[in-house]
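Every chain is numbered from 1, with letters handed out A, B, ... down the list of sequences.
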Amino acid sequence: MLTITHLQFTWPTASKPVLNIPMLNIARGEHVFLHGPSGSGKSTLLGLIAGTLDCQQGMIEIAGTKASTLSRSQRDKFRADHIGTIFQSFNLLPYLSPIENVTLGCEFSKKRKQSITSQSKTLEQEAKLLLTELGIDEHTQQRSVAELSIGQQQRVAAARAFIGRPEIIIADEPTSALDADSRDGFIKLLFNQAAVYSASILFVSHDKSLAPLFNRQLSLSELNQGAQYAN
Amino acid sequence: MLIKLAWKSTLNRKASVALTLVTIAISVMLLLAVERVRQDAKSSFANTISGTDLIVGARTGDIQLLLSSVFRIGHANNAVQWQSYEYIKAQRGVAWSIPISLGDSHKGFAVLGTDDNYFKHYQYGKKQHLTFKAGRAFHNPQEVVLGATVAKQLGYKLGQKIVISHGMGNTSFHHHDDNPLVISGILAATGTPVDKTLHVPLSAIEKMHSTGHSKTSRQISRPQHTANHDDEHEHEHEHEHEHEHEHEHEHEHGSTNNSALLHNLNSTPGDLIGSTKQITAFLLGFESPLYTLQVRRNINLYKDEPLLAIMPGVTLRELWAMLDIVEKILLLITLAVVLISLLGMLTSLLATLNQRRRELAILRSVGARPWHIFTLLVSEAILITVLGCIFGVALFYALLIAAQSALQSQFGVVLSFSPLSAYELTLLSVIIGAGTLIGAIPAARAYFYSLADGMQIKT
């Protein structure tokens with residue numbers, strides 16, 4: 001699903017590469033925990049995979065496409081079609097309803113829209129379905145984003161990442177703002193949904209205690225050979 | 001989609017957007033109002049007189065003569081001798097002439113002494129002649145013709161008797177109670193100072209003053225009328241007396257109903273000039289415009305008294321030329337106000353941009369391209385500007401309704417309620433264009449933010 005080979009990335013002002021990954025491979029449906037302390041080049045790696053950073057050396061292949069060879073706007077489109085993203089916190093646009101926040105995941109992608117309309121469902125129906133599966137009930141769906149708890153907000157964000165069945169979900173510390181109970185619950189929901197959609201998950205966190213929940217654990221510092229830490 | 005996002009995002013920042021909107025709306029209203037008043041003032045003035053080739057009065061400034069004779073603004077201090085008028089109107093090429101005598105008023109409305117030529121030859125707007133809404137022109141010294149506004153505001157009816165005072169203003173010290181006039185006609189509205197004028201025969205003015213408190217300098221020199229003119233005059237006097245008896249008779253019965261009032265109109269024609277010795281000014285129309293310059297020259301060189309002849313169109317243009325700089329400054333100021341309001345929008349958009357970097361990162365994460373971000377921000381600016389313009393136009397029309405009557409009664413400027421003109425629409429589109437350009441500044445910034453930040457949330 002995701003293959004990275006000989007990836008090197010150097011910030012313009014730095015003399016040594018922040019990333020140097022000879023090999024990383026994630027299979028379809030795999031739930032990977034990537035441990036990376038802050039400053040380990042985590043954000044850079046995610047930016048490269050998502051395509052907001054230019055790949056300087058090496059190759060990134062996602063869902064059979066060599067993403068690293070695409071142009072910037074092609075990468076934006078590719079990201080819209082194939083990658084769902086969940087951030088640390090405040091994932092939602094405050095001026096949209098929870099349902100609109102979820103359907104936003106399809107607005108920039110024809111492919112994701114079609115995957116829903118081909119099942120003769122509307123975006124809104126799909127969004128409601130996903131929200132319900134992720135434990136946001138009908139009543140909560142109608143409330144304004146600002147009234148939701150952080151846990152609920154993260155689940156709405158997860159629904160947005162999943163809508164339209166992207167092949168890979170990138171989760172960047174999505175649980176760091178949650179307490180332990182809701183953290184485990186959130187990860188469980190994430191796995192269930194990923195299983196339904198057979199999506200791969202790349203879950204990045206500095207919190208090692210989450211690692212046992214995943215079927216594969218990686219450490220960025222081990223992957224990242226010979227690279228100079230930014231700090 | 002982006003428009004919807006722009007709309008919702010704008011709505012989300014109601015408070016700051018509303019303030020920006022109000023500033024833009026007020027500035028748009030100001031600009032439209034200034035421009036509308038400027039143009040309507042021009043056309044009101046330009047429409048007041050038409051078809052008149054020369055205006056002749058005692059020597060004064062060109063503009064002063066135009067303003068006093070046609071617009072009833074200011075006073076003419078000197079008069080034109082009647083014999084000069086008689087002499088000039090007999091010149092070759094003169095098709096018609098209208099004598100004008102100003103200086104009296106009735107309840108704040110100007111009283112204009114003239115003769116029947118006024119109703120035959122006076123033109124306004126696009127060479128339109130005066131028409132009667134009711135009744136007919138006066139044909140003896142006991143009759144008066146009202147302008148539309150006078151009749152409407154004072155509630156006067158055809159056939160009613162009114163008293164005209166000497167001097168200008170509402171509070172005249174002495175009223176000529178002995179000299180009531182019958183309303184013989186009411187003119188249709190023209191949108192010019194004619195509407196606010198009471199038209200009486202020159203002889204009525206003469207009579208008012210001769211029977212008034214003082215036999216002023218006007219009376220000292222007897223007019224030098226032709227013999228047959230005087231005969232005619234004396235002859236008419238008999239009629240006048242008869243009429244006065246008739247009128248008094250009716251008054252005793254105290255009948256105020258319309259048919260009785262209309263009975264007052266059954267009068268016989270009489271002398272409209274009387275023993276007039278002086279008039280304020282007169283209007284001339286020529287058989288061919290070719291005569292205009294020649295006669296004008298002759299009048300300006302007239303030996304018997306210092307006279308001034310002006311061509312209304314030319315003098316009006318001189319007036320505009322004088323006012324041009326004021327107009328331009330006014331326009332510049334209002335444009336500056338519009339610009340300031342747009343800069344206010346820029347400030348508020350830029351100020352919120354930093355807080356919105358998270359929003360931009362989220363949009364990027366779902367696949368929005370940097371130009372989507374740019375479009376989103378520009379749409380917001382356009383949205384605010386367009387809404388501001390719409391509210392501004394609404395405010396503008398509200399202002400028109402509020403200010404219309406005051407402007408008309410104070411300055412004689414008739415504001416048109418017409419839909420926005422092509423020029424005004426151009427102004428609005430220029431404002432919207434400027435708003436778009438200004439909106440491009442924060443949009444460009446957001447574009448580069450989103451390129452640099454990618455999906456990283458920087459706050």
Side-chain angles (χ1 to χ4, degrees), chain A residues 12 42-44 46-54 71-97 100-113 123 144-146 153 157 160-161 163-164 166 169-173, chain B residues 1-18 20-21 348-349 351-377 379-381 383-384 387 444 446-459:
Chain A
K42 197 176 59 177
S43 301
T44 311
L46 293 182
L48 284 165
I49 294 172
T52 55
L53 292 176
D54 293 327
S71 72
R72 271 186 190 176
S73 68
Q74 281 172 324
R75 290 200 306 261
D76 286 332
K77 188 175 178 302
F78 186 82
R79 174 170 71 252
D81 289 344
H82 301 279
I83 301 173
T85 316
I86 309 168
F87 294 120
Q88 202 165 353
S89 58
F90 303 112
N91 268 293
L92 307 180
L93 296 186
Y95 48 85
L96 297 181
S97 74
E100 286 169 329
N101 261 292
V102 175
T103 55
L104 186 67
C106 293
E107 294 293 354
F108 295 94
S109 165
K110 271 193 193 133
K111 180 182 166 285
R112 280 165 85 166
K113 231 179 251 178
L123 294 186
S144 112
V145 164
Q153 286 187 19
R160 184 178 66 211
I163 194 167
I169 305 288
I170 297 176
D172 184 5
E173 307 249 21
Chain B
M1 169 58 204
L2 282 172
I3 304 297
K4 197 182 98 184
L5 275 182
W7 171 248
K8 294 209 168 179
S9 156
T10 304
L11 218 60
N12 187 46
R13 288 170 290 122
K14 279 190 225 73
S16 72
V17 168
T20 312
L21 213 64
S348 93
L349 283 179
T352 50
L353 198 57
N354 235 336
Q355 304 158 20
R356 296 180 66 191
R357 286 174 93 161
R358 175 183 296 280
E359 185 184 327
L360 303 183
I362 293 167
L363 286 169
R364 287 284 279 150
S365 79
V366 296
R369 287 165 218 170
W371 73 261
H372 282 133
I373 305 285
F374 181 85
T375 314
L376 178 73
L377 274 270
S379 318
E380 287 186 22
L383 196 69
I384 294 172
L387 280 178
Y447 179 94
F448 290 114
Y449 275 172
S450 66
L451 266 184
D453 295 359
M455 301 189 324
Q456 291 179 54
I457 289 175
K458 290 192 174 160
T459 43

What part of [X] is in contact with chain B, defined as an atom under 4.5 angstrom from a non-hydrogen atom: side chain, backbone, both or neither?
| X | result |
| --- | --- |
| A/R160 | side chain |
| A/R72 | side chain |
| A/L92 | backbone |
| A/S73 | both |

Handout entry: Between A/A50, A/A80, A/G51, A/P166, the one whose heavy-atom pairs under 4.5 Å with chain B are most numerous
Key =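 Max contact count across the listed options: A/A80.
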
Exercise for the section: Please check if the side chain of B/E359 supplies one atom and the backbone of B/R356 the other of a donor-acceptor pair under 3.5 Å. Expected result: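 It does not hold such a pair.
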
Problem - Heavy-atom donor-acceptor pair, A/N91 side chain to A/I86 backbone, under 3.5 Å - result: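 Checking the backbone N and O of A/I86 against the side chain of A/N91, no donor-acceptor pair under 3.5 Å is found.
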
Practice task
Check A/V145 against A/L93 and note the closest heavy-atom contact, atom names and distance.
Solution key: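 Heavy atoms of A/V145 and A/L93 come nearest at CG2-O, 4.0 Å.
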
Exercise for the section: Would you name the heavy atoms of A/I163 and A/R112 that are closest together and state the gap between them? Expected result: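 That closest heavy-atom pairing would be O-NE, 2.9 Å.
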
Handout entry: side chain to side chain donor-acceptor pair (under 3.5 Å) contacts in which one or both residues fall within residues 360-376 of chain B, not counting sequence neighbours
Key =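 Checked against side chain to side chain donor-acceptor pair (under 3.5 Å) - neighbours excluded - the pairs reaching residues 360-376 of chain B are A/D76-B/R364.
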
Practice task
Give the member of B/L451, B/L2, B/L5 that has the highest number of heavy-atom pairs under 4.5 Å with chain A.
Solution key: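 Option with the top pair count is B/L5.
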
Problem - B/L11, part contacting chain A, at a heavy-atom distance under 4.5 Å - result: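 No part of B/L11 comes within 4.5 Å of chain A.
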
Practice task
Report the residues that fulfil ring pair (Phe, Tyr, Trp, His ring centres under 6.0 Å) with A/Y95, sequence neighbours left out, ordered by chain and then residue number.
Solution key: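 Ring pair (Phe, Tyr, Trp, His ring centres under 6.0 Å) check on A/Y95 returns nothing, list empty.
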
